[in-house]
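Structure first, then comments.
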Amino acid sequence: DLIGIDRTLVSRLENLGEVRKGSRLALTGFPISNKEEIEDLAHREGIDFVLVMTDAERWQFAETRSGVRLANDMMIMLSELRDFDTVIFLGSDMRIKLIESILDPGMVFSIELGKSPMKQDVYVDPGMLQNAIRSLMQ
């Protein structure tokens with residue numbers, strides 16, 4: 001009242017500043033056959049960062065970049081992942097070990113899709129993933 005600001009505006013501003021409840025989650029992995037379904041699920045569940053690829057997309061990502069650009073892009077992504085409380089990683093046994101050695105193992109929730117080397121896309125059970133996401137967000 002003293003400075004002439006409407007009470008509803010103050011209430012809206014207060015709501016903008018609310019602290020988010022739950023963990024900040026990222027989801028990444030490859031090679032996923034039902035990529036679109038997994039992306040849709042992740043967005044519906046409130047995942048903050050989603051990067052899943054099919055096997056073809058994974059190879060296209062690697063082959064269309066020079067060595068320097070690929071290394072820089074990977075370093076940027078890994079740096080972004082460090083900003084999350086938990087990273088859900090879908091991948092092969094070897095890739096899981098690699099991501100856990102780069103990131104803090106305590107922040108990685110891994111779902112093994114198979115043994116390396118993986119050469120074809122794998123179906124990820126949306127119900128199982130949804131249960132994992134919901135348990136991690138508590």
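Atom set for the values below is all heavy atoms of this structure, side chains included, hydrogens, waters and symmetry mates excluded. Model, not experiment: these values are computed from the prediction.
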Q. Just how far is it from atom CG of Asp55 to atom CD of Gln120, taken to the nearest 0.5 Å?
A. 8.5 Å
Q.
Hydrophobic clusters here meaning ILVMFWY residues chained together by side-chain heavy-atom distances under 4.5 Å, can you tell me if Ile111 and Val124 are in one?
A. yes
(Q) If you define the side chain from C-beta out and look only at heavy atoms, does anything of Phe109 sit under 4.5 Å from Val87? (A) no
Q: Answer yes or no: is there a side-chain heavy-atom contact under 4.5 Å between Phe30 and Glu57?
A: no
Q: Report yes if some heavy atom in the side chain of Leu78 is under 4.5 Å from a heavy atom in the side chain of Ile99; otherwise report no.
A: yes
Q: Find the distance between CE (Met77) and CG (Asn72) and round it off to the nearest 0.5 Å.
A: 11.0 Å
Q) Is Arg69 salt-bridged to Asp73, cutoff N-O under 4.0 Å? A) yes
Q) Any donor and acceptor pair, going by atom type alone, linking the side chain of Ser79 with main-chain N or O of Met75 inside 3.5 Å? A) no
Q.
Please evaluate residues Ile88 and Leu129 with respect to the criterion side chain to side chain contact (heavy atoms under 4.5 Å, CB included), reporting the C-alpha separation (whole Å), side-chain torsions for both, the decisive distance (0.1 Å), and the verdict.
A. CA-CA 9 Å; Ile88 301 169; Leu129 182 59; 4.2 Å; yes
Q: Evaluate the side-chain proximity of Thr86 to Met107: yes if any heavy-atom separation is below 4.5 Å, no if none is.
A: no
Name each donor-acceptor pair under 3.5 Å that joins a side chain in residues 90-98 to protein atoms two or more places apart or in another chain, with its distance.
residue : atom : partner : partner atom : Å
Ser92   : OG   : Arg95   : N            : 3.2
Ser92   : OG   : Ser116  : OG           : 2.7
Asp93   : OD1  : Ser116  : N            : 2.8
Asp93   : OD1  : Ser116  : OG           : 3.4

Q.
Please determine whether residues Leu113 and Met128 belong to a single hydrophobic cluster, defined as Ile, Leu, Val, Met, Phe, Trp and Tyr linked transitively by side-chain heavy-atom distances below 4.5 Å.
A. yes
**Q.** Derivation of the side chain to side chain contact (heavy atoms under 4.5 Å, CB included) call for Phe49 and Leu81
**A.** CA-CA 8 Å; Phe49 177 94; Leu81 290 175; 3.8 Å; yes
Q. Can you list the steps and then say if Asp48 with Leu27 is a side chain to side chain contact (heavy atoms under 4.5 Å, CB included)?
A. CA-CA 8 Å; Asp48 299 292; Leu27 171 66; over 6 Å; no
Q) Is the closest side-chain heavy-atom distance between Val108 and Asp104 below 4.5 Å? A) no
Q) Any donor-acceptor pair under 3.5 Å linking the side chain of Asp85 with the backbone of Arg24? A) yes
Q: State the CE-CZ distance between Met74 and Phe61, to the nearest 0.5 angstrom.
A: 6.0 Å
Q: Would you check, one step at a time, whether the test side chain to side chain contact (heavy atoms under 4.5 Å, CB included) holds for Met53 with Trp59?
A: CA-CA 9 Å; Met53 293 185 260; Trp59 284 106; over 6 Å; no
(Q) Quick check: do Ile32 and Asp121 have side-chain heavy atoms less than 4.5 Å from each other? (A) no
Q | Glu45 to Gln130 - nearest heavy-atom pair and separation | A | OE2-NE2, 2.8 Å
Q. Linking I/L/V/M/F/W/Y whenever any side-chain heavy atoms sit under 4.5 Å apart, do Ile47 and Leu103 land together?
A. no
**Q.** 4.5 Å side-chain heavy-atom contact, Thr28 and Val52
**A.** no
Q. Is a side-chain donor or acceptor of Glu37 paired with a backbone partner of Asn34 at a separation under 3.5 angstrom?
A. no
(Q) Hydrophobic cluster membership, with links at side-chain heavy-atom distances under 4.5 Å among I/L/V/M/F/W/Y: are Leu41 and Leu25 in one? (A) yes
**Q.** Validation row: Ile38, Lys35 side chains within 4.5 angstrom (heavy atoms)
**A.** no
Q. Should the pair Arg82 and Phe84 be classed as cation-pi, given the thresholds of under 6.0 Å to the six-membered ring centre and 45° from the axis?
A. no
